[in-house]
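Structure first, then comments.
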Amino acid sequence: TNNQNDEKAYFDVNHGLTSKIVKWINDAEKPVKLIYLSSIKVYGESSEIDESSEKNPQSVYGRTKLAAENEIIKNLKAYHTYHILEPVMIYGEENKGNLPKLYNFLAKGFPYPFSNWKNNRSILAIQNLSFIISEFIKKDLESDFYIVADDTPISTKEIIEELFDANNKAFVRFYLPKFFIQLLINLSSKMGIKSLEKLLGNLVVSNDKLKRAINTRVLPHSVQSGLQLMGKCLANKK
């Protein structure tokens with residue numbers, strides 16, 4: 001997305017269409033509740049994030065999502081309400097992201113070379129996101145923004161283990177030295193290749209503010225149960 005045409009397209013959709021929606025809502029005679037799905041990318045590349053963290057996006061996607069958030073906050077009339085949800089990576093049935101690609105790669109017998117690498121990542125089950133949206137629809141809450149994630153973080157290795165355990169299958173493990181893995185991450189990052197950093201890096205967020213708002217102590221699905229559901233879905237597609 002360094003291509004300027006791509007950047008314009010991102011702004012036209014993420015900011016431009018949001019601006020049109022805000023104007024449309026402002027024309028409504030009755031109060032409207034707007035629930036907007038933003039992204040954790042509005043905070044940039046920090047490894048630990050809550051709602052008090054500085055919003056400093058480093059990607060085109062993050063910048064356009066932050067522009068959309070600001071459009072809502074600044075221009076939505078006061079008698080309407082907004083709930084801006086900032087989810088981490090969403091996973092679940094029919095997921096079309098990198099997790100299914102990684103699962104299918106390992107299911108073919110290719111080894112996973114980072115089995116001794118420990119990281120922590122917050123992720124979000126689609127079932128939990130659906131529950132949260134439903135709660136915001138039902139409850140009468142003040143306008144605000146919220147980070148959205150499952151209750152506990154998990155390592156990449158544990159994510160893969162849950163997906164395979166759901167189908168009573170195993171994957172081939174390979175153990176590269178940790179110093180060599182770190183070297184690979186650093187080199188790929190300097191070359192502008194972010195895939196290893198996304199796979200093996202840390203991103204831990206807090207969903208405390210969200211749970212206080214919807215008055216719940218625990219979300220319906222643990223990260224383990226959410227991944228088990230996804231794993232069974234992946235197996236059924238084989």
Note: Asp140-Lys33 ion pair, threshold 4.0 Å (strictly below): no
Donor on one side chain, acceptor on other, Ser47 and Asn202, under 3.5 Å: no
Partner of Tyr43 by side-chain contact (heavy atoms from CB on, under 4.5 Å), out of Gln58, Glu54, Glu51: Glu51
Polar contact flag, side-chain donor to acceptor under 3.5 angstrom, Asn128-Asp150: yes
pair Phe164-Leu106: side-chain heavy atoms closer than 4.5 Å: yes
Whether over 12 other heavy atoms sit under 6.0 Å from Lys23 NZ: no
Geometric class of the Phe171/Tyr112 ring pair [parallel <30°, tilted 30-60°, perpendicular >60°]: perpendicular
Worked verdict on Glu158 versus Arg121 for salt bridge (charged side-chain N to carboxylate O under 4.0 Å, His left out): CA-CA 10 Å; Glu158 290 168 330; Arg121 295 197 71 84; over 6 Å; no
Backbone N/O of Val218 and side chain of Thr216: donor-acceptor pair under 3.5 Å: yes
Side-chain heavy atoms of Ile181 within contact of Leu196, under 4.5 Å: no
Asn119 and Thr156 side chains, donor-acceptor separation under 3.5 Å: yes
Tyr79, OH atom: more than 12 neighbouring heavy atoms under 6.0 Å: yes
Side chain proximity check, Lys77 to Ile25, heavy atoms < 4.5 angstrom: no
ILVMFWY network linking Ile35 to Leu37, side-chain heavy atoms under 4.5 angstrom: yes
Step-by-step side-chain contact (heavy atoms from CB on, under 4.5 Å) determination, Glu45 to Leu203: CA-CA 8 Å; Glu45 304 301 326; Leu203 174 59; over 6 Å; no
Electrostatic pair Lys20:Glu71 at N-O distance under 4.0 angstrom: no
No-hydrogen, no-angle side-chain donor-acceptor test under 3.5 Å, Asn26 and Asn75: no
Minimum side-chain heavy-atom gap Gln228-Asp165 below 4.5 Å: yes
From CA spacing to verdict: side-chain contact (heavy atoms from CB on, under 4.5 Å), Ser143, His83: CA-CA 6 Å; Ser143 294; His83 307 305; 5.7 Å; no
N/O donor-acceptor pair under 3.5 Å between His15 side chain and Ala68 backbone: no
Side chain to side chain, Leu210 and Ile147, heavy atoms closer than 4.5 Å: no
Derivation and outcome, ring pair (Phe, Tyr, Trp, His ring centres under 6.0 Å), residues Tyr82 and Phe145: CA-CA 8 Å; Tyr82 63 80; Phe145 64 93; 8.6 Å; no
Electrostatic pair Glu162-Lys157, nearest N-O below 4.0 angstrom: no
Electrostatic pair Glu93-Lys232, nearest N-O below 4.0 angstrom: no
Transitive ILVMFWY side-chain link Tyr103 to Val172, under 4.5 Å: no
Residues in side-chain contact (heavy atoms from CB on, under 4.5 Å) contact with Lys178, at least two apart in sequence or another chain: Asn116, Trp117
Plane angle bin for Tyr10 and Tyr61 - parallel if under 30°, tilted between 30 and 60°, otherwise perpendicular: perpendicular
Donor-acceptor under 3.5 Å (Ser222 side chain, Ser225 main chain): yes
Sole candidate of Lys55, Lys65, Lys41 that passes side-chain hydrogen bond (donor to acceptor under 3.5 Å, both in side chains) when paired with Glu86: Lys55
Asp208 with Arg212: basic N within carboxylate O range, under 4.0 Å: no
Steps toward side-chain contact (heavy atoms from CB on, under 4.5 Å) verdict (Ile72, Val22): CA-CA 7 Å; Ile72 294 167; Val22 168; 4.0 Å; yes
Asn215 atom CG: more than 12 heavy-atom contacts under 6.0 Å: no
Intermediate values then yes/no, side-chain contact (heavy atoms from CB on, under 4.5 Å), Ile185 and Leu200: CA-CA 8 Å; Ile185 295 172; Leu200 302 175; 3.9 Å; yes
Lys139 atom NZ, over 12 foreign heavy atoms within 6.0 Å: yes
Derivation of the salt bridge (charged side-chain N to carboxylate O under 4.0 Å, His left out) call for Arg173 and Glu161: CA-CA 11 Å; Arg173 302 162 191 259; Glu161 288 173 343; 2.9 Å; yes
